[in-house]
Number of protein chains: 2
Amino acid sequence: MSEKDSKKDILDTATKLFVKHGKNGVSTCDIAHAAGVNKALIFYYYGSKEKLYAAAFKNLIQTFFYEIREKINNSEPGLPAIEVFIRNHITIIKENQNMMKMLVRELLLTENGQSFPLNESADIFKSLRYEMIKVLSDAREKGEIRYVDPVQTMVSIISLDVFYFLGKPLVQMINPTIDIEDFESNRVDHIIDLLMNGLRKDQE
Amino acid sequence: MSEKDSKKDILDTATKLFVKHGKNGVSTCDIAHAAGVNKALIFYYYGSKEKLYAAAFKNLIQTFFYEIREKINNSEPGLPAIEVFIRNHITIIKENQNMMKMLVRELLLTENGQSFPLNESADIFKSLRYEMIKVLSDAREKGEIRYVDPVQTMVSIISLDVFYFLGKPLVQMINPTIDIEDFESNRVDHIIDLLMNGLRKDQE
DNA sequence: GGTTAATTTAACCATTTGATAAAACACAGA
DNA sequence: TCTGTGTTTTATCAAATGGTTAAATTAACC
């Protein structure tokens with residue numbers, strides 16, 4: 001009873017540490033120690049640090065993906081679908097800041113568009129793109145928004161939703177008196193407001 | 001004659017390497033080798049790797065700051081000042097992608113808002129904040145835009161301007177057939193379009 | 001109990017890491 | 001020429017790194 005699943009322990013611990021300190025900021029010793037296992041076990045199960053990192057990366061992306069897919073198609077009646085979509089998107093980003101940080105880290109390491117862990121997860125991203133763009137073109141057909149380039153708009157929505165969580169330390173540093181809880185909860189409404197105004201049909 | 005300024009050589013080389021591979025992705029040996037100096041010289045001039053990194057960081061931020069301050073106040077007649085501002089902002093970000101990447105890297109390492117290199121450059125960021133917000137409140141007074149929270153809006157503008165350069169590898173991966181040059185030059189107009197529509201006064 | 005395979009461990013290795021101390025160099029001015 | 005000062009190199013260090021190996025332990029099945 002109560003057997004411990006060392007393989008999973010290693011992956012979970014590694015994920016946590018990689019998210020916090022980046023691929024190069026963590027050693028296999030750190031991981032082994034934090035996971036309470038012997039260092040050799042890491043290589044026994046995952047072969048190399050690189051592969052462990054890729055596994056942790058994919059693990060995180062996949063979890064995120066299933067979550068976002070589930071929520072994004074949950075349209076509520078009454079509100080414009082596009083607004084629900086954006087609201088859900090930012091909520092999920094907020095709940096998956098770790099995944100976002102890891103993704104951005106990997107993007108920073110990417111050169112010439114080549115990254116092993118990113119390529120491993122390419123399919124996930126592609127199907128995500130497909131679903132996001134569908135939401136946008138549906139909204140356009142329904143007359144909820146004016147015509148805009150869907151890819152550009154997708155990038156804009158992601159930018160607005162994601163970037164604050166990266167820049168948060170900076171926002172705090174620059175505005176020492178700010179009530180950060182307040183700012184954060186206003187952020188969602190601000191983004192919705194900006195986007196809905198920016199995308200709405202001209203009413204003339 | 002033609003004495004070589006080793007101290008500056010080290011800083012410049014280190015900056016380049018740190019930008020590319022991150023703080024933990026570069027060793028002092030790498031830097032010394034690339035700069036064509038002895039490794040011990042790095043410690044002679046900068047004391048530690050950490051201090052060298054902080055110096056490189058500040059160096060980059062400062063350069064960026066002077067550039068942006070100069071351009072941002074260059075209002076052209078005819079166009080709304082706010083549009084000129086956004087256009088200049090994205091241009092400068094585009095020209096300083098390295099600085100942006102280094103900044104984001106540092107933000108990712110920041111915990112509890114504490115980061116030595118970031119704190120070292122706090123004043124720069126604060127005065128930048130002041131000037132950006134002034135542009136926004138001026139635009140509001142002139143009736144160019146409706147009332148919006150200036151800090152939220154500042155964060156949104158920065159998000160839109162910066163994030164694409166981080167996500168570029170992903171955009172390329174997800175849209176294999178995309179003409180990236182095209183997409184990039186359209187990006188500016190898309191952002192302007194989205195923001196000007198999102199911020200404009202209601203005309204009813 | 002014995003056999004076998006999966007899991008876990010301790011001990012070890014070569015290399016690289018950040019950092020130091022001391023020696024060598026260059027070049028002033030006295 | 002001697003001396004002092006700022007610069008650069010050589011040599012070296014202990015610690016940490018990613019990774020390996022072989023032995024020990026455990027679990028499972030016959």
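Because only heavy atoms are used, hydrogens play no part in the values below, and waters and symmetry mates are left out as well, while side chains stay in.
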message: Counting the atoms with a prime plus P, OP1 and OP2 as sugar-phosphate, which does A:Tyr45 contact under 4.0 Å by heavy atoms, base, sugar-phosphate, or nothing?
response: sugar-phosphate

Identify all pairs in which a protein N or O lies below 3.5 Å from an N or O of nucleotides 10-17 of chain D, and state each distance.
| from | atom 1 | to | atom 2 | distance (Å) |
| --- | --- | --- | --- | --- |
| D:dT17 | OP1 | A:Ser27 | OG | 3.4 |

- request: Output yes when at least one side-chain N/O atom of B:Tyr44 is less than 4.0 Å from OP1 or OP2 of D:dT8, else no.
  value: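 No, outside the criterion.
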
query: Are A:Ser48 and D:dG18 close enough that a side-chain N or O sits under 4.0 Å from OP1 or OP2?
result: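 For D:dG18, OP1/OP2 do not have a side-chain N/O of A:Ser48 under 4.0 Å.
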
- request: Begin from the C-alpha positions of B:Tyr53 and B:Val26 and carry the test side-chain contact (heavy atoms from CB on, under 4.5 Å) through to its verdict.
  value: CA-CA 10 Å; B:Tyr53 174 76; B:Val26 183; over 6 Å; no

task: Take the C1' atoms of the five end pairs on each side of the helix from C:dG1-D:dC30 to C:dA30-D:dT1, get both axes, and report the angle to 10 degrees.
output: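 Rounded value for the end-axis angle: 10°.
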
message: Between the side chains of B:Lys16 and B:Asp12, is the shortest nitrogen-to-carboxylate-oxygen separation below 4.0 Å, so that they form an ion pair?
response: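 Between B:Lys16 and B:Asp12 there is no salt bridge, as every charged N stays at least 4.0 Å from the carboxylate O atoms.
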
- request: Nearest-nucleotide wise, let me know which of B:Leu41 and A:Phe43 is further upstream toward the 5' end of DNA chain D.
  value: B:Leu41

- prompt: Within a reach of under 6.0 Å around OH of B:Tyr130, are more than 12 heavy atoms found that belong to other residues, nucleotides or ligands?
  reply: no

task: List in chain and number order the residues that pass salt bridge (charged side-chain N to carboxylate O under 4.0 Å, His left out) with A:Glu120, two or more places apart in sequence or in another chain; answer none if no residue qualifies.
output: none

query: What are the residues of residues 13-25 of chain A, sorted by number, that bring a heavy atom to within less than 4.0 Å of DNA chain D?
result: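 Result for residues 13-25 of chain A: none.
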
Extract all donor-acceptor atom pairs below 3.5 Å that involve side chains of residues 30-41 of chain B and protein atoms in other chains or at least two apart in sequence.
| from | atom 1 | to | atom 2 | distance (Å) |
| --- | --- | --- | --- | --- |
| B:Asp30 | OD1 | B:Ser27 | OG | 3.3 |
| B:Asp30 | OD2 | B:Ser27 | N | 3.0 |
| B:Asp30 | OD2 | B:Ser27 | OG | 3.2 |
| B:Asn38 | OD1 | B:Ala40 | N | 2.9 |

Distance-only criterion, 3.5 Å: show the donor-acceptor pairs between side-chain atoms of residues 157-168 of chain A and protein atoms not counting sequence neighbours.
| from | atom 1 | to | atom 2 | distance (Å) |
| --- | --- | --- | --- | --- |
| A:Ser159 | OG | A:Val155 | O | 2.6 |
| A:Asp161 | OD2 | A:His89 | ND1 | 2.4 |
| A:Tyr164 | OH | A:Glu184 | OE1 | 2.9 |
| A:Lys168 | NZ | A:Glu184 | OE1 | 3.3 |

